[in-house]
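The chains referred to below are lettered A, B, ... by the order of the sequence lines, with proteins before strands, and numbering in each begins at 1. No hydrogens, no waters, no symmetry mates; every other heavy atom, side chains included, goes into these values.
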2 protein chains.
Amino acid sequence: MRPTLQTVADTVGVSRSTVSNAYSRPDQLSADLRDRILAAATALGYAGPDPTARSLRKRRAGAIGMLFTSSLSFAFTDPYAVQYLRGIAEAAEQARTGLLLLPLSVDDDVAAVAAVNEAAVDGFCVYCMPDWHPALDALAARGLPVVSGQRRASDGPQSAFVGIDEAAATRAAGEHLMALGHRRIAVIGDYFSVAPTIGPALLASPADVAYYTSRERLRGYQAAFAAAGVDWSTVTTVNVPGNCRDDGAAAAAHLLDRAPRPTAIAALSDIVALGVLDALRARGLQPGRDVSVVGFDDIPEAAAENLTTVHQPAADRGRRSGELLLDPPADPADRTVVLPTRLVVRATTGPAPS
Amino acid sequence: MRPTLQTVADTVGVSRSTVSNAYSRPDQLSADLRDRILAAATALGYAGPDPTARSLRKRRAGAIGMLFTSSLSFAFTDPYAVQYLRGIAEAAEQARTGLLLLPLSVDDDVAAVAAVNEAAVDGFCVYCMPDWHPALDALAARGLPVVSGQRRASDGPQSAFVGIDEAAATRAAGEHLMALGHRRIAVIGDYFSVAPTIGPALLASPADVAYYTSRERLRGYQAAFAAAGVDWSTVTTVNVPGNCRDDGAAAAAHLLDRAPRPTAIAALSDIVALGVLDALRARGLQPGRDVSVVGFDDIPEAAAENLTTVHQPAADRGRRSGELLLDPPADPADRTVVLPTRLVVRATTGPAPS
DNA sequence: CGCGCGTACTGTATCGATGCAGAAGGGTTC
DNA sequence: GAACCCTTCTGCATCGATACAGTACGCGCG
């Protein structure tokens, strides 16, 4: 039988409340009595107030929850996600709060909703979830504070936004490609269609994409192309199911093994862009000369491989998200944080081949 | 006022237990009544049983805790730690259990102990903590299952071990250096002394190191050197406070900027070894020819930079740890898992210069 | 008709703590 | 010596759920 507050109280001969005070409010009792209580507790093998019971009573879990796209373990393979996590971990650490990573099975929506409903947390942080995911509705139903990097119509008044201007970011990248004279363009990204397959996606308009991040980034490209007189209907879009290098290479294959091939390929993430580079090299094509490639995120590997990309502050994004969640500003206007991005031109973009 | 089970029960006109059953044991009531209850709950904005209250009653938190060396945010900068985390996340995901990352302030022991005592979890996973850290005692006091990668005298009967034979791993690396003819050797690692400074450490014997991982790895090197007739007293040891590349370079500076410089440098982690490579290159020295360098872990960057190192299965280690924690084998013998390691010889080791 | 049995639901005790009102005890003030 | 105060400690209600024993009731069976 594990000892409880009552056990200790009985041993010392004081009331349960007094023992509780010995742990949580040392100023409420004499130092002498407190020492006696703590000594008795140690002797009994009592390790302090039960965290669960304390959470119930105090109505505070002492942890924040983190929701990821796809599976939890997959998130650790994505350098951008790791940076983001690092930022949020910093914020949690500072506030002496735990960080609960929620397991979201990729294809089991019921389990995902259950995970959200069963998480003992004080708030949630959402990282790149598809808009339609039922876990987001479960989140809203719980009524806890939420910080997200994507805007949703159903966001409650409690919710906050920490992110970037996705469309402006890709618009800059698109203008860069236009200035270089590219007119035959392809865009590779995820969630263009719901089907988890690698291959061309028929997208009448970026607005049709149900995944916030991809949709906004496509919009930015569309705007840049339109401003240069390039109609969206001439742009090829390719879907990748997962954010990984091999999938990027496979998606690029769809574009490179047919004529005429695009002169520029814009990937909506660096990992995918690096896969595109692999595919180019495998075919003896030189990035930046034969085909230009742009990524997104500016992960460390992008610099190492000289990839032109859009930089976004991953760790900052995580840290600000955590801070906003742990200490929500009273003024709703302060609950929207838009971080800066910038185009980083490296070696994988160059003038369109004539 | 947030709705509770009672609110819903009163609305529908049934008892609280019945509403509870509607959520947790659907077979205990008729489908019709269950539908009515769930409908009423939705109408009231009741999102399901409160996780904290449920945890208290069920005596199960639905999460496992993760303890890291140094600060939580720092762990994300270490590729090896990230791989380990990925493994444990996989196990957690499979068991539909949350993963609670505990904030351990670097130098605030009191806060670290508090974090352990306040974590609502069903067990703990310990990753590379110094043996003397008070949080480990707090852990033991709580009496929860613990899986660790380091053995401690005070480990309880509940505890399990998942790790590698650290000494055997470095012994192989040491034999490799001996076979190449190296006799002037330096070893760089962390926690050689308690002082968090970069610089030579006076270590009469590896046994003096209080940090399990470093101690065992040093023992392996000592054994390999001794077998070749190289006495430990001729080995230079250098302490690095943190596991990062810059510190590795700074530590190497202590060795390279004096004569005679060592012909081989063994680092107890890849990150530090990569820093050593930086220091060599900054001085126009060629790794593997002028000075040999060995790392430990075999992180992805090690392969990219052709570092000779000891491979250990990071993700496996995490995954097995999680599995053992979530589903402890009845037989104590099965609670010790020793994973294989192997020496990976690449370009940074070569014959000792004459 | 009475017995046994299974289904569907209820009532109470319990999980382990904290918040708060208030009481006991000792000392100060006028 | 009564009024008052402060410190220290007590006792009760409460947080929101689940476990388990118990009850009501319909039904088949000898």
Colleague: Is there a donor-acceptor contact under 3.5 Å linking the side chains of A:Tyr84 and A:Arg319?
Modeller: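 Distance-only check fails for A:Tyr84 and A:Arg319.
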Colleague: Look at all strands and tell whether B:Arg2 reaches a base, only sugar-phosphate, or nothing, counting heavy atoms closer than 4.0 Å.
Modeller: nothing
Colleague: Just the atom pairs and distances: protein N or O near nucleotides 11-13 of chain C's N or O, under 3.5 Å.
Modeller:
unit_1	atom_1	unit_2	atom_2	d
C:dG11	N7	B:Ser17	OG	3.4
C:dG11	O6	B:Ser17	OG	2.6

Colleague: Using 4.0 Å as the upper bound for N to carboxylate O, is an ion pair formed by A:Arg86 and B:Asp78?
Modeller: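 Salt bridge absent between B:Asp78 and A:Arg86.
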Colleague: Return whichever of B:Lys58 or A:Asp27 has its heavy-atom-nearest nucleotide of DNA chain D closer to the 5' end.
Modeller: A:Asp27
Colleague: Measuring to OP1 and OP2 of C:dA8, would you say a side-chain N or O of B:Arg34 lies under 4.0 angstrom away?
Modeller: no
Colleague: Pick the nucleotide of DNA chain D nearest each of B:Pro49 and A:Thr18; which residue has the one closer to the 5' end?
Modeller: A:Thr18
Colleague: Within the 4.0 Å heavy-atom criterion, would you say B:Leu29 contacts the bases, only the backbone, or no part of the nucleic acid?
Modeller: sugar-phosphate
Colleague: For B:Arg16 and B:Asp10, run salt bridge (charged side-chain N to carboxylate O under 4.0 Å, His left out): C-alpha distance rounded to whole Å, both residues' side-chain angles, the deciding distance at 0.1 Å, then the answer.
Modeller: CA-CA 8 Å; B:Arg16 184 164 66 232; B:Asp10 293 347; over 6 Å; no
Colleague: Please lay out, stage by stage, how B:Leu67 and B:Phe124 fare under the test side chain to side chain contact (heavy atoms under 4.5 Å, CB included).
Modeller: CA-CA 7 Å; B:Leu67 255 70; B:Phe124 287 99; 3.7 Å; yes
Colleague: Base, sugar-phosphate or nothing for B:Arg60? Non-hydrogen atoms, less than 4.0 Å.
Modeller: nothing
Colleague: At less than 4.0 Å, is any side-chain N or O atom of B:Thr4 found next to OP1 or OP2 of D:dC15? Yes or no.
Modeller: no
Colleague: Within the structure provided, determine whether B:Tyr46 and B:Thr7 are in side-chain contact (heavy-atom separation under 4.5 Å).
Modeller: no
Colleague: Please report the distance, rounded to the nearest Å, between CG in B:Asp50 and P in D:dT14.
Modeller: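 Those two atoms, CG and P, are 18 Å apart.
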Colleague: Hey, is the side chain of B:Arg59 poking within less than 4.0 Å of OP1 or OP2 on C:dC15, counting only N and O atoms?
Modeller: no
Colleague: So which protein nitrogen or oxygen atoms get under 3.5 Å of nucleotides 21-23 of chain C's nitrogens or oxygens?
Modeller:
none

Colleague: Charged N to carboxylate O below 4.0 Å: is that the case for B:Asp50 and B:Arg57?
Modeller: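 Result for this pair is no, no salt bridge flagged.
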Colleague: Is a side-chain N or O of B:Ser321 found less than 3.5 angstrom from the main chain of B:Arg317, in a donor-acceptor match?
Modeller: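 Present.
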Colleague: So what does A:Tyr46 hit on the nucleic acid, given a heavy-atom distance under 4.0 Å: a base, only sugar-phosphate, or nothing?
Modeller: sugar-phosphate
Colleague: Consider the side chain of A:Ser20, meaning its heavy atoms from C-beta on, and name the nucleotide among D:dT8, D:dT10, C:dT18 that approaches it most closely.
Modeller: C:dT18
Colleague: Check every strand shown and say whether B:Leu5 touches a base, only sugar-phosphate, or nothing at a heavy-atom separation below 4.0 Å.
Modeller: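 Base contact.
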Colleague: Which pairs would a plain distance check flag for residues 20-33 of chain B, meaning a side-chain donor or acceptor within less than 3.5 Å of a matching protein atom at least two apart in sequence or in another chain?
Modeller:
unit_1	atom_1	unit_2	atom_2	d
B:Asn21	ND2	B:Ser17	O	3.4
B:Ser24	OG	B:Arg54	NH2	3.2
B:Ser30	OG	B:Leu33	N	3.4

Colleague: Assign A:Ser24 to base, sugar-phosphate, or nothing according to its heavy-atom contacts below 4.0 angstrom with the strands shown.
Modeller: sugar-phosphate
Colleague: Would you check if B:Val113 and B:Glu118 make a side-chain contact, meaning some heavy-atom pair closer than 4.5 Å?
Modeller: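 With C-beta onward as the side chain, the pair stays apart.
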